[in-house]
Structure formats: structure tokens, C-alpha cells
Amino acid sequence: MWSLFDRFLGSLSRCRLCGTAAHDTLCPACRDELPIIPHACRQCGLPLQGEDEKRLCGECLSRPPAFDAARIPFLYADPIDRLISALKFHERLSDGRLLGSLLAATLPQTAEIDLLLPIPLHRGRLRQRGFNQAAELARTLARVAHLPADYRALVRVQATAPQHRATRRQRLRQMREAFAWRGNGPPPPRVALVDDVVTTGATMDAAAACLKRAGAEWVEIWAVARTPRRD
Ligand SMILES: [Zn+2]
Ligand SMILES: [Zn+2]
């Protein structure tokens, strides 16, 4: 499971989390303690009890989202949340490479995906932050998993984020026009949306709906972490 990870980060010398000498960015002990999600809804990545690989959560059964499958290895919990914050708010790009490699290490040998698309930030937010954390993750994934990525075709045309207190239906309505496809021609059939963390799923849902309208047939959501409840 960790072979890609080892090869990619094999030359560093201190564990990013505990500081002990290590061959990799994480020492074996810290790596073993990462908050892996053992069982999840295969469509939205929501953590579930039980071991049925094919399971769907209640919400995906009753109101399926526009995306078709999720690959989200970790819970949004210590230390993954710390690494994501360091990337996002302190621009620690090395943590972006670490997180991207951790995500890549959990992908199957051949991910049947034609194109990676990071969730874009709105222009104003991008100016403010200076970089897009999802694009940083997609860059590492593209390199490690040998997949093409496009950083321009999917754009965010609406600045407002969905409100956490809104119901799912309200959030979807708020997000419906948030994304636009500006590629030369339609997207390829199988695409993966990339983001750092999935909370309600509304952002991914809106982006996936945009891609389906533009012609994509299969949309996966790839993220480092998932919050336990989508309420
Ligand atoms: Zn360590
Ligand atoms: Zn689900």
C-alpha cells in the first residue's frame, strides 16, 4: 500500500509529526496512527459501521449526489486536520505533497480516470490566499499516479460557500450555479474531482453536476479527509 509513498518521499530525514529520524516524511509509528476510515459509503465516502464494501449511506440511497464514487482515506482528525491547516493557511507546500502522496498511496494500481480536476477557488479567494490547496494536491496526485490534470477548465463563478446550517436542499440550491465548465470541448468520460476535505459534500455535488452537464459520464471525488457527519 505504501510503495508509491515510499518511493516519492524516500529521501527525507525527520518525521514531520514527531521529529524522530526517519527515512520518510512520516516515521512508521506516526504513519500507523493516521486516522484511516475503515469503512465508508462507496459513493460519498461517509464513514459507516460494518464491513460491506458495497454499502451506500442512507442519503446516497434516497437522494444520490451527482458524483458516482469517493476515495477519501482519512477522517478529518488529528494529525490530518493539522497538516491540512498548515497547507491551507500557512502555505506549507511540503505538507501538500505529503497529503497528496498519502492519498495517492491509497489509490488502486490503475485508477481508471482520464483527468484530475482540482476544485477551483473563486478568483477573489485565490487572490487572497495566493494558491489553491486543491491544485497543490492534484499536482502531487498527477505526478505520483501518472494522471493528467487540468487546472483551468473547471472554474468557480460564484464566491459564496454553502452555509453549514442550511439544509442539504438549501445548500444544493446555493451551490447550483457555483461552477462552470470552460474547457475546449467537453470533459473526458471519467474524471476525478480533487479537494482537501469534504464536509457536507455540497461543493463536490455542485462541481460534479456541472461536469455531468458538460458531458462527463463518471465523476469520482478524491479528497484527503472526510468529516464524520454530513448532517
Ligand atoms: Zn513520527
Ligand atoms: Zn453516501
Side-chain angles (χ1 to χ4, degrees), residues 1-2 5-6 8-87 92 94-103 105-106 119 162 164 166-169 171-172 175 192-195 197-209 211-212 218-231:
M1 176 182 182
W2 296 108
F5 177 89
D6 290 333
F8 186 62
L9 293 164
S11 58
L12 300 163
S13 58
R14 294 248 162 235
C15 174
R16 163 70 177 92
L17 294 171
C18 71
T20 59
H23 289 298
D24 303 318
T25 306
L26 295 185
C27 72
C30 287
R31 198 188 280 180
D32 282 347
E33 284 181 10
L34 293 174
I36 282 187
I37 298 174
H39 310 292
C41 170
R42 71 182 145 88
Q43 190 162 1
C44 74
L46 188 76
L48 294 176
Q49 306 289 334
E51 299 186 12
D52 186 352
E53 291 278 304
K54 299 223 156 52
R55 259 178 86 181
L56 292 171
C57 72
E59 194 143 338
C60 286
L61 279 172
S62 61
R63 289 177 54 94
F67 49 79
D68 300 282
R71 296 193 184 281
I72 309 176
F74 301 109
L75 266 181
Y76 189 68
D78 189 65
I80 294 292
D81 54 355
R82 264 193 289 146
L83 293 170
I84 288 175
S85 293
L87 166 64
R92 265 191 80 134
S94 58
D95 284 343
R97 291 191 291 274
L98 169 59
L99 291 167
S101 304
L102 288 170
L103 174 53
T106 65
I119 290 287
H164 285 257
T167 65
R168 177 156 184 259
R169 180 172 291 212
R171 282 195 298 259
L172 290 176
M175 292 297 291
L193 288 163
V194 178
D195 209 352
V197 52
V198 172
T199 49
T200 65
T203 302
M204 288 291 207
D205 201 358
L211 293 173
K212 291 267 173 96
W218 176 267
V219 179
E220 297 193 3
I221 61 169
W222 294 5
V224 177
R226 186 77 161 85
T227 53
R229 297 188 51 205
R230 77 197 266 179
D231 63 56

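First listed ligand is number 1; within each ligand, the first listed atom is number 1. All values reported here derive from a predicted model rather than from experimental measurement.
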Rounded distance [0.5 Å steps], CZ in Arg226 versus CD1 in Ile37: 7.5 Å

Ile80 vs Leu99 side-chain heavy atoms within contact, under 4.5 Å: yes

Heavy-atom side-chain contact between Leu193 and Leu211 under 4.5 Å: yes

Taking every non-hydrogen atom, the tightest pair across Arg16 and Leu98: CG-CD2, 4.1 Å

Nearest heavy-atom neighbours spanning Ala66 and Ala209: CB-N, 3.5 Å

Total protein N/O/S atoms whose distance from the Zn ion (ligand 1) is less than 2.8 Å: 4

Verdict with reasoning, Thr106 to Ile36, per side-chain contact (heavy atoms from CB on, under 4.5 Å): CA-CA 10 Å; Thr106 65; Ile36 282 187; 5.9 Å; no

Vertex the Zn ion (ligand 2), arms to Cys57 SG and Cys44 SG, rounded to 10°: 110°

